[in-house]
2 protein chains.
Amino acid sequence: MTQQTNRRGKVTRQDVAREAGTSVAVVSYVVNDGPRPVAPATKQRVLDAIERIGYRPNGIASALARGTTRTFGFVVPNISNPFVASIAHQVEREVFDQDCVLLLGDSADDAAREAALVRNLLDRQVDGLLYMAVTQDVQLDRATASGTPVVVVTHANSDGLTASVRIDERAAADAAMTHLIDVHGQRELAMVTGPESMMNSALRLGGARDAATRAGLTIPDEWTVHAPYTREAGSAAAAVLFGDGGAHPTAVLTGNQEQAIGLVSALHRRGLSVPEDVAVFCLNGTDDSEFLVPALSTVTQPIAEMAREALRILSRPDHYAAEPIVFDFELVPRESCGCGGSA
Amino acid sequence: MTQQTNRRGKVTRQDVAREAGTSVAVVSYVVNDGPRPVAPATKQRVLDAIERIGYRPNGIASALARGTTRTFGFVVPNISNPFVASIAHQVEREVFDQDCVLLLGDSADDAAREAALVRNLLDRQVDGLLYMAVTQDVQLDRATASGTPVVVVTHANSDGLTASVRIDERAAADAAMTHLIDVHGQRELAMVTGPESMMNSALRLGGARDAATRAGLTIPDEWTVHAPYTREAGSAAAAVLFGDGGAHPTAVLTGNQEQAIGLVSALHRRGLSVPEDVAVFCLNGTDDSEFLVPALSTVTQPIAEMAREALRILSRPDHYAAEPIVFDFELVPRESCGCGGSA
DNA sequence: TTGAAAGCGCTACCAT
DNA sequence: ATGGTAGCGCTTTCAA
């Protein structure tokens, strides 16, 4: 494989044209299969030349000329959160299926970083931006101003202008709590939800309270803890809920799987068993839930479909729905809430 | 904020120059803080103009002109694997700290996809490529041919030409198995390692056998299972190792955390408890390990340092080390091997 | 069917 | 200190 070099040491379309004895335009036509037809013989000459000198098209140059990058950006709060990772995995699948590539921006739960990431991605001319928020509400005006389509994943943006895919978090929390109450007869209820600053936290807590109220019960304020969506916070919540030797809840709903893992781990260390002593249910579980000990009861989101829909929206921004697209969640009761022994 | 538009409906540097009454060159100088100085007054005029008309530099155009994209590519086998995700998280951190952005390619454990991803990323002119293999050996010649620096993360490429950061997997397996034998007096040993097709599998198994041999023990072939690095496979391995009611191992080392999770989950369903009935140790654990029930004993890799080093190599490809850079692993015994009760 | 040439938006050299 | 301008590699219109 002969390597020709231009100034920058790269093989360019120029080189191919020279080698094949044609014009640069023709090379473009064969590489892109259009927009003009090329005689079979010529085409073969070009293909051979490409092979011979090892030409690869420069994606940056074509992006500039074409005005499209075939790249999507995805800003996530923290890729090491399994729920986030599984969404990213699905999104990447969809993106790849469209012959595009995903620019992942991990904001490490930092709002400033997140803003920088959004700006950066936009500057890179992504064809669309997926967004999973750290902060309650985002500065997405920059994006909309730039004309780049955006879809908020998993949350709804209160501006009512940005497309979004999500489930009804309030209903999900309600359903989980209702299960705990109706199926397992739980009456000493607690909830570990997210930080007060996050919109979801209130929604989830609201749903849980709805369920309790409907059953003539309440979730006492002392048994309502706001905490980050981490395992550490889940463990810490256990200290609050089960700290003194006194009365403690017998059923806990957590805002996400990580909190539940931390909680269960802490209960284990305290010698309390799940679900015998305490029933645990969590929102937004991942495939992990099934393999935890005990298997974790959870509410799941249809992330594959959500990812697909999100990409669909980005591809036809004209079909923009300011109304959030709401998907159905699924209640998956397992061992940790008292359902099924060794299923 | 007035929006000027050119043909494509974007605000360009032209518009800024016109608005500020200067040349386009000057606009470049102020945006990039160089390479020529600009008078404070002029600079302010430009800045104002930028603000006024809402200008944002086009990263694609500047990448083309500059010949550098400030973008790194990272090809991973599956982002929903927590070990992979935590590495990606660290890599993203490092990349961001260099004011760059990460193009994540998730090959979904598919070799063809992986090849496509590598090609795609290279075509996009990434300034460097990080690579975590699905397949044992990769077609990285394309990359090296293109002159793009590459570093293989977590594995070593046998071509001996590509830089890599990793730990000594063989020694890691040896250390874990030795712990099981020496500290806990285990003698009925089993190993769940990766698929035969993967280089690591043999290394890990080799290390485990070294340890056994040194103690005058063996890991019987019936208790050596090759399986994918998934929870499902870990559970399936349990069926093999503990299937009939007969003799079973009392200590199992797994190739990764996912396998261990699947294994422990299956043991739990079978009514066997960890570590009382079976001690479990795994390689390459993540932060998750600590919160599992029981807390999982593991060998960890210093992923933050490895990520940093990988990026360092990409930034100075001249310092290329064909020799893999080997990091120290850390043995973290917890509950699952029999260490510490409720630590 | 093929080729020439005008951009795409920005950088940076060379003048002034 | 500022401005003109020649590229960067590719796409695509228009003419041949």
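Numbers restart at 1 for each chain; the letters A, B, ... are given by sequence-line order, proteins then strands. Keep in mind that this is a model prediction, so the values were computed, not measured.
We find that OH of B:Y29 is positioned 11 Å from P of C:dC14, with the value rounded to whole Å. Between the CG atom of B:N32 and the P atom of C:dG9 there is a distance of 17 Å, rounded to whole Å. The interatomic distance linking B:R66 (CZ) with D:dA6 (P) rounds to 21 Å, in whole Å. Summarising the geometry, the separation between NZ on B:K10 and P on C:dC10 is reported as 10 Å, rounded to the nearest angstrom. Summarising the geometry, the separation between CZ on B:R124 and P on D:dC10 is reported as 15 Å, rounded to the nearest angstrom. We find that CZ of A:R18 is positioned 16 Å from C1' of C:dG3, with the value rounded to whole Å. In this structure, CD1 of B:I60 is placed 17 Å from C1' of C:dG7, rounded to the nearest angstrom. Between the P atom of C:dC8 and the CG atom of A:D123 lies a distance of 19 Å, rounded to the nearest Å.
For A:D48, the salt bridge (Lys or Arg N to Asp or Glu O under 4.0 Å) test picks out no residue, with sequence neighbours left out. Qualifying side chain to side chain contact (heavy atoms under 4.5 Å, CB included) partners for B:S62, counting only residues two or more places apart in sequence or in other chains: B:R66.
Within the structure, every side-chain polar atom (N or O) of A:S62 is placed at least 4.0 Å from both OP1 and OP2 of D:dC10.
Residue B:S23 is the one, among B:S23 and B:A61, whose nearest nucleotide of DNA chain D lies closer to the 5' end (criterion: closest heavy atom).
Within residues 36-44 of chain A, the residues approached by DNA chain C to less than 4.0 Å at the level of any non-hydrogen atom are A:R36, A:P37, A:V38, A:A39, A:T42, in residue-number order.
The side chain of B:A65 has C:dG9 as its nearest neighbour among C:dG9, D:dG9, D:dG3. Distances were taken from every side-chain heavy atom of B:N58 (C-beta onward) to each of D:dG3, C:dA4, C:dC10; the shortest belongs to C:dC10. Nearest to the side-chain atoms of B:V26 among the listed nucleotides C:dA4, D:dG3, D:dC10 stands D:dG3. Comparing D:dG9, D:dT12, D:dT5 against the side chain of A:T12 picks out D:dG9 as the nearest.
Note that CZ of A:R166 is 14.0 Å distant from CE of A:M132, once rounded to the nearest 0.5 Å.
Put simply, the side chain of B:N58 reaches to within 4.5 Å of the side chain of A:Q125, judged on heavy atoms.
Residue B:V24 is in base contact, counting any heavy-atom pair closer than 4.0 Å across all strands shown.
Applying the salt bridge (charged side-chain N to carboxylate O under 4.0 Å, His left out) test to residues at least two apart or on different chains, the pairs with a partner in residues 68-97 of chain B are B:E94-B:R308. For residues 80-91 of chain B, the side chain to side chain donor-acceptor pair (under 3.5 Å) pairs, not counting sequence neighbours, are A:N78-B:H89, A:D106-B:H89, B:N78-B:S80.
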Atom pairs and distances, donor-acceptor, side-chain atoms in residues 22-38 of chain B, under 3.5 Å, two or more places apart:
{"from": "B:S23", "atom 1": "OG", "to": "B:A25", "atom 2": "N", "distance (Å)": "3.4"}
{"from": "B:S23", "atom 1": "OG", "to": "B:V26", "atom 2": "N", "distance (Å)": "3.3"}
{"from": "B:N32", "atom 1": "ND2", "to": "B:S28", "atom 2": "O", "distance (Å)": "3.4"}

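Counting distance only, with no hydrogens placed and no angle test, the side-chain atoms of A:Y55 and the base atoms of D:dG9 include no donor-acceptor pair under 3.5 Å.
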